[in-house]
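Note that these values count all heavy atoms, side chains included, but never hydrogens, waters or copies made by symmetry. Not measured: the values here are computed from a predicted model. We count ligands from 1, going down the list as the structure has it; atoms in each ligand are counted the same way.
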Amino acid sequence: MLKRLVNEASFPFTIKNLGPLLIKSGYAEVSGYDMEPVQTYRNGKLEYYIPGSSLKGVLRSHFERIARTINTTPGVVCDPFRKANLAGGDGNPVTCEGYEEVSCGEKFQLNKAKKSGRYTNRRIIQPSNAYVYKNSCPACRLFGSTFFASRFDVSDGYLKPGSRKDVKKRDLVGIDRLTGGASDRAKFDLAAICAGAEFESEIRLRNFECWQLGAVLLLLEDLSHGLIRIGYGASRGFGNVTCDLSRVTIAMIGRSNEKQEQILGLGAILSDESYGTSKDDFLEPESLPEPKVEGIRTKWEFSGKELDDLRSVALPHLVRIIEGWPQRDEMEWDPERWERAANG
Ligand SMILES: [Zn+2]
């Protein structure tokens, strides 16, 4: 991605669980429970926390659902876990079932590979940063892929000072997968964080397009409305959370700070569409906070009415961009590209 930093935004928020919360630790625990919440050392003490990677995972899946709801074209966002399976050839066209859903990273990998299994690539591409960004689906543009680092970071969520942090043991019964009844052998116990714990985290965006501001605002709104479950056991009533976003800071860096009545996205700053962005990538909220100029940075801190005004232009902008997301030829299946090797 672009080496220089042109803009950035930060969204500090608090997550509060309304019911039991269990983000599993990947390691065997010494406590003797089958599952217990992940902990980390902080200020010399072990404490519960919400790993940023878990939050990022659920936010990405939720964003994929939003994008697929706004724009029902298959493959408008990729399935980040979907691989490509080439088939056919030998006189028949080479095919790949469900190619539109294959992850963007896998597609770029295929486009630059000389071979995939017994197939040879007749049109090898060396993907540049601009090529990758331009052709990535909205989810990969925002959250990153195996081909470029994310411009979306969410920090680990640490307990707010003074927060509740009690944990309770629960006995659960597994469901027999064959009969659907309770399975005697599948009894297990776990420890979960009780309702009312508060964790502080922060989302940061760098070199954002304005629709991405809208996406983060919508994700945090859905999180605050309890529409996104986190951690283990959503079907058992775990992971029900709410969140509170009280302010958003946006900064323009360098020459991009000249238009102080507009928030400029990457597209407006680049203004050449080389990254597949649009020149009209800016927002004009009804009110803007007083900007603070710090060296080469112009900063706005949004809260209250100004934050509401920002939301009311950023969300429709997001919907408009996702609705009109262009088909990219490079991401379509091209049977001419692949040839089955003679000895394959
Ligand atoms: Zn993608």
**OP:** Using a strict cut-off of less than 4.0 Å between a Lys/Arg side-chain nitrogen and an Asp/Glu carboxylate oxygen, indicate whether Glu294 and Lys299 qualify as a salt bridge.
**Re:** yes

Original post:
Relative to each other, are the rings of Phe143 and Phe152 parallel, tilted or perpendicular (30° and 60° limits)?
Top reply: tilted

Original post:
Would you find a donor on one side and an acceptor on the other, under 3.5 Å apart, between the side chain of Asn121 and the backbone of Leu110?
Top reply: yes

Subject >> Heteroatom count (protein N, O or S) under 2.8 Å of the Zn ion (ligand 1) >> reply: 4

Original post:
Is the charged tip of Arg151 near the ring of Tyr133: under 6.0 Å from the six-membered ring centre and within 45° of its axis?
Top reply: no

Original post:
Which of parallel (below 30°), tilted (30 to 60°) and perpendicular (above 60°) describes Tyr49 and Tyr158?
Top reply: parallel

**OP:** Quickly, which of Val77, Asn71, Ile322, Leu219 forms a side-chain contact (heavy atoms from CB on, under 4.5 Å) with Ile66? Name it, please.
**Re:** Leu219

